[in-house]
Amino acid sequence: MWGLPLFPPQASTLAPQVDALFFFLVGVSVFFSLLIAGLIVYFAIKYHRRSEDEVTEAVHEPVALELTWTVVPLGLAMVMYVWGASVFFTAVRPPRDALDVYVVGKQWMWKFQHTDGQREINDLHVPLGRSVRLTMTSEDVIHSFFVPAFRVKQDVLPGRYTTTWFNATKAGTYHLFCAEYCGTVHSGMIGHVIVMEPTEYESWLGTGAIGGSLASAGEKLFQDLGCSTCHTGQANARGPNLQGLFGRSVTLEGGSSLVADESYIRESVLEPRAKIVAGYLPIMPTYQGLVTEEQLVTLVAYLKSLARPSS
Ligand code: CUA
């Protein structure tokens, strides 16, 4: 079965789970399709009209039979629902210790940024046996990040972050596709995910990272854009203190609160007035058009790095 080129290899922790559910659904569907089609043919022959004046008997359904064909499909549907939900929750919730990679899709390429500063186009190098969390956005239209071998497919949308994750279980090179029609060269928006042994991956990381980590690039941009003139970190500053902000709960003007994540930071840079932190004035200008998605990622990485207690 796995030798068929129709079926992609199973190369992530999610793949066997998705496949098991898939084959269960196919199995149930095939079983009932055959059963029903078979019974239709069988009954059509068995109960066909034998003479011109034959009159059908009145039929009374036995309660037990009615209950059986109500309860059995209900049970099967509930199994599908609970099983499907559990696979779905696994697929959408990245483990906390996952390695962060930032993805920007654009017509027609995939750009990857690793936290230590490595950048690549259409190739993504990841370590074997380690959860990798992708934070993705698009510079133009909707794309979709699809790695069949990992059973991972997630839309990549302009104007917001979407995330997905995987944990590769087999070293090798796997196809990466764009799975959302995005223009003339949609079919050429392809690449590879290269899964490496951890030691190989470490030495790969060691080569060619120029310009320092993402966070340090973000810190430089933070200074260059003048963010630090308001976000001084002092008690009387015009902007909120960003030290330790990431992952923390923030109280907004009006009393609601949220947890500061990537999307919140992104929005606060591009649309500062969308959510005002309690106790501050809506005076921050927008940086829409002044920073690219790739630069925004560095700012996010910088603020994330501030979340760890600095020594
Ligand atoms: Cu990008 Cu299709």
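Just follow the structure's listing: the first ligand is 1, and inside any ligand the first atom is 1. By convention here, the first residue in the shown sequence is residue 1.
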Less than 6.0 Å separating the ring centroids of F23 and F7?
->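 Yes, the ring centres sit under 6.0 Å apart.
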
Any chance the rings of Y174 and F150 have centres within less than 6.0 Å?
->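 Ring-ring flag for Y174/F150: true, centres closer than 6.0 Å.
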
Is it the case that more than 12 heavy atoms not belonging to E57 sit under 6.0 Å from its CD atom?
->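 Incorrect, the count does not exceed 12.
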
For atom 1 (Cu) of ligand 1, state how many protein N, O or S atoms fall inside a distance shorter than 2.8 Å.
->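 The number of such protein atoms is 4.
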
State which residues pass ring pair (Phe, Tyr, Trp, His ring centres under 6.0 Å) with [X]; sequence neighbours excluded, sorted by chain then number.
{"X": "Y181", "answer": "H186"}
{"X": "H192", "answer": "H175"}
{"X": "Y161", "answer": "none"}

